[in-house]
Amino acid sequence: MPFPTASALHTLNTDFYQLTMAAGYHQHCPDKTTSFELYLRKMPDHRHFLIVAGLEHALDYLKALHFSSEAVSYLEHHPALCHLPASFFEALSKLRFTGDVDALPEGTLCFEHTPILRVSAPVIQAQLVETFLLALINYQTNVASKAARIYNVLQKHTSAITQSAPTFIDFGSRRAQGPEAALHAARAAYIGGAVATSNVAAGFLYQLPVTGTAAHAWTMAFTTEQEAFRHYADTYPEHTVLLVDTYDTLQGIRNAIATAGKALKAIRLDSGDFLSLSKTARHLLDEAGLTHTHIMVSGDMNEYRIHDLLCAGAPIDSFGVGTELTTCKDTPSLGGVYKLVESISPSEQHPHYAIKSSAAKVSYPGKKQVWRYSKGSKISHDMVTLDGSEAPTNAKAFDSVTPLLQPYLRGGKACQPARALADIRLHALSQLQQLPETLKVLDATHTYPVYIHQELQDLYNTCKKGVSHEKI
């Protein structure tokens with residue numbers, strides 16, 4: 001059997017139970033309209049804030065949603081589905097996304113109980129997209145949030161050369177969970193504060209800055225380190241960045257200085273005692289008159305190691321961060337969920353509200369809005385209300401109260417233009433400036449307050465008692 005086309009895989013990239021439910025909906029309630037919300041029940045360990053990422057990909061997916069003829073044929077012959085009426089497969093072949101999407105703008109700070117995205121659509125459409133949306137939003141938000149933690153650490157220090165904060169670059173493609181994840185990680189890391197990526201395809205697709213030097217293999221491919229450095233400097237006279245730790249690191253620094261001279265833009269350290277080596281390197285470079293030459297460090301970097309090095313006075317100008325960034329090693333998954341909050345059939349005058357009331361997995365009913373309160377330049381807390389409600393009455397006590405969820409699709413069509421990635425990044429970095437300092441600490445004990453409005457809490461209690469599922 002030939003490998004299926006990308007078109008066939010597009011919508012089949014889901015959990016099978018989405019399709020078994022879709023078939024049931026087709027037979028029993030095809031005209032029902034539903035609203036689902038994607039959110040986190042609680043913040044994961046080692047995270048005190050999140051940066052939303054992946055929304056533009058999610059919108060592109062929804063706008064292109066369809067089942068190819070290959071996909072429909074495959075499903076028609078599946079043993080669990082082959083008995084279904086032909087009308088179901090005909091409906092799949094004609095399926096397009098015709099619903100509405102409201103979401104937090106990409107790059108926005110978010111917290112637990114905060115709807116990141118809401119899909120309101122015919123039930124089959126809204127159900128089928130769950131797996132893909134969760135995979136997109138969970139992963140990219142996780143990487144962007146990891147990147148933001150690194151960015152926050154760097155912002156507290158100043159490079160002696162640039163007179164600004166040190167920077168970091170995404171080096172994680174080879175350690176990502178597959179090539180597609182590497183692309184998504186590069187994009188998300190850029191949103192969260194990385195200045196560039198080593199992934200060329202990500203640079204091409206998303207117009208990201210791409211950078212890179214040479215591996216140890218380059219140095220080992222020549223008879224001597226000096227020869228390797230000389231040939232590299234000849235090839236890239238205006239971008240001479242030399243990896244100096246293939247053999248003896250201190251001698252490698254001296255060889256780089258002697259070989260490249262004033263053309264030496266930067267050296268990269270990839271192993272050893274980075275604190276001691278970076279200080280010695282800075283001394284040798286300055287002594288040679290190369291005060292302009294940067295020091296870059298890579299090798300198992302994360303926000304904690306970067307914090308410790310900079311606090312100890314390591315004169316490092318940039319960091320390459322790989323494995324820990326693209327795999328989010330300390331918190332490898334977010335656990336975002338996609339839950340039904342309300343539904344209505346054409347024959348009904350009022351929506352039915354859906355809740356989950358088990359103690360560890362409470363979900364609140366109804367479509368919601370999130371209001372963010374700020375005092376001065378810092379955010380204070382969020383309030384989750386029913387959609388359509390006015391800003392809560394204490395709004396006047398704050399400098400700004402902003403509704404966060406915005407409309408992105410109406411009837412399956414975009415209702416605002418796609419945002420440039422550079423603008424999304426600027427928004428994210430602006431958001432990070434608004435974080436209280438207590439939330440920027442790596443092991444913060446402070447928790448950002450997210451309140452559930454009393455009207456929403458009352459509706460939840462009513463639904464839980466089973467007294468009424470009509471809007472009150």
Side-chain angles (χ1 to χ4, degrees), residues 44-51 142-162 164-177 182 185-186 188-190 192-199 211-213 215-216 241 243-246 249-250 252-253 266-283 285 294-332 429 432 435 437 439-445:
D45 294 338
H46 313 295
R47 296 291 181 273
H48 311 290
F49 66 88
L50 299 174
I51 292 287
N142 204 11
V143 175
S145 304
K146 180 73 169 180
R149 283 168 59 82
I150 298 169
Y151 177 84
N152 280 340
V153 168
L154 295 174
Q155 290 302 298
K156 296 179 180 180
H157 300 271
T158 302
S159 163
I161 291 181
T162 65
S164 59
T167 60
F168 75 104
I169 300 164
D170 158 45
F171 271 14
S173 293
R174 65 186 62 196
R175 302 291 169 76
Q177 292 95 338
Y190 185 69
V195 296
T197 181
S198 65
N199 190 299
T211 189
T213 55
H216 292 105
V241 180
L243 179 61
V244 296
D245 70 323
T246 304
T249 303
L250 294 182
I253 296 168
I267 62 166
R268 178 160 72 95
L269 302 169
D270 194 51
S271 62
D273 181 346
F274 292 129
L275 177 59
S276 173
L277 289 172
S278 63
K279 287 183 174 181
T280 302
R282 185 74 270 154
H283 172 74
L285 291 166
H294 290 208
I295 297 173
M296 181 181 189
V297 163
S298 59
D300 298 321
M301 286 291 112
N302 60 34
E303 61 269 46
Y304 292 97
R305 294 195 72 192
I306 291 171
H307 173 270
D308 291 345
L309 283 167
L310 294 178
C311 287
I316 299 170
D317 303 289
S318 62
F319 296 83
V321 188
T323 303
E324 300 241 7
L325 177 59
T326 58
T327 68
C328 301
K329 191 173 180 180
D330 59 337
T331 302
L429 302 189
L432 292 177
L435 268 177
E437 293 304 314
L439 290 174
K440 293 182 181 180
V441 179
L442 288 179
D443 292 315
T445 56

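These values consider heavy atoms only, across backbone and side chains, with no hydrogens, waters or symmetry-generated copies. The structure presented is a predicted model; accordingly, all values stated were derived computationally and were not measured.
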Donor-acceptor pair, side chain of N142 and main chain of T331, under 3.5 angstrom: yes
With sequence neighbours excluded, residues passing side chain to side chain donor-acceptor pair (under 3.5 Å) with D443: Y304
Spacing of NZ belonging to K329 relative to OG1 belonging to T323, to within rounding of 0.5 Å: 7.0 Å
Backbone N/O of I51 and side chain of S145: donor-acceptor pair under 3.5 Å: yes
Check: H48 side chain, A444 main-chain N or O, donor-acceptor pair, under 3.5 Å: yes
pair V244-L277: side-chain heavy atoms closer than 4.5 Å: no
Basic-acidic side-chain contact under 4.0 Å: E324, R305: no
Interatomic distance, C311 atom SG to H157 atom NE2 [nearest 0.5 angstrom]: 4.0 Å
For the student: nearest non-hydrogen atoms of K279 and G313, plus distance: CE-O, 3.8 Å
Residue pair P166 / S159: nearest heavy atoms and the distance that separates them: CD-N, 4.1 Å
Candidate pair H216 and D245, rule side chain to side chain contact (heavy atoms under 4.5 Å, CB included), full reasoning: CA-CA 8 Å; H216 292 105; D245 70 323; 2.8 Å; yes
Side-chain heavy-atom pair H294, T162 within 4.5 angstrom cut-off: yes
CZ on F274 to OG1 on T249, rounded to 0.5 Å: 9.0 Å
Least distance between heavy atoms, G320 atom then F171 atom: CA-CD2, 3.7 Å
pair L285-I295: side-chain heavy atoms closer than 4.5 Å: yes
Inter-residue atom distance M296.CE - L243.CG, 0.5 Å rounding: 10.0 Å
Whether S278 side chain and L275 backbone form a donor-acceptor pair below 3.5 Å: yes
Crowding at CG, D300 (>12 non-hydrogen neighbours, <6.0 Å): no
Cationic N near anionic O, under 4.0 Å, R47 to D330: yes
Side-chain heavy-atom pair L432, F49 within 4.5 angstrom cut-off: yes
Side chain proximity check, D317 to V297, heavy atoms < 4.5 angstrom: no
Spatial distance of atom CZ (R149) from atom SG (C328) [nearest 0.5 Å]: 10.5 Å
Side chain to side chain contact (heavy atoms under 4.5 Å, CB included), paired with T326, selected from V321, V143, N199, D170: D170
Beyond-backbone contact of R282 with I161, side-chain heavy atoms, under 4.5 angstrom: yes
Point-to-point distance, once rounded to the nearest 0.5 Å, from CZ of F319 to OG1 of T167: 9.0 Å
Heavy-atom closest contact (L429 atom, G193 atom, distance): CD2-CA, 3.9 Å
Check: I306 and M301 side chains under 4.5 Å, non-hydrogen atoms: yes
Side chain to side chain, L154 and F168, heavy atoms closer than 4.5 Å: yes
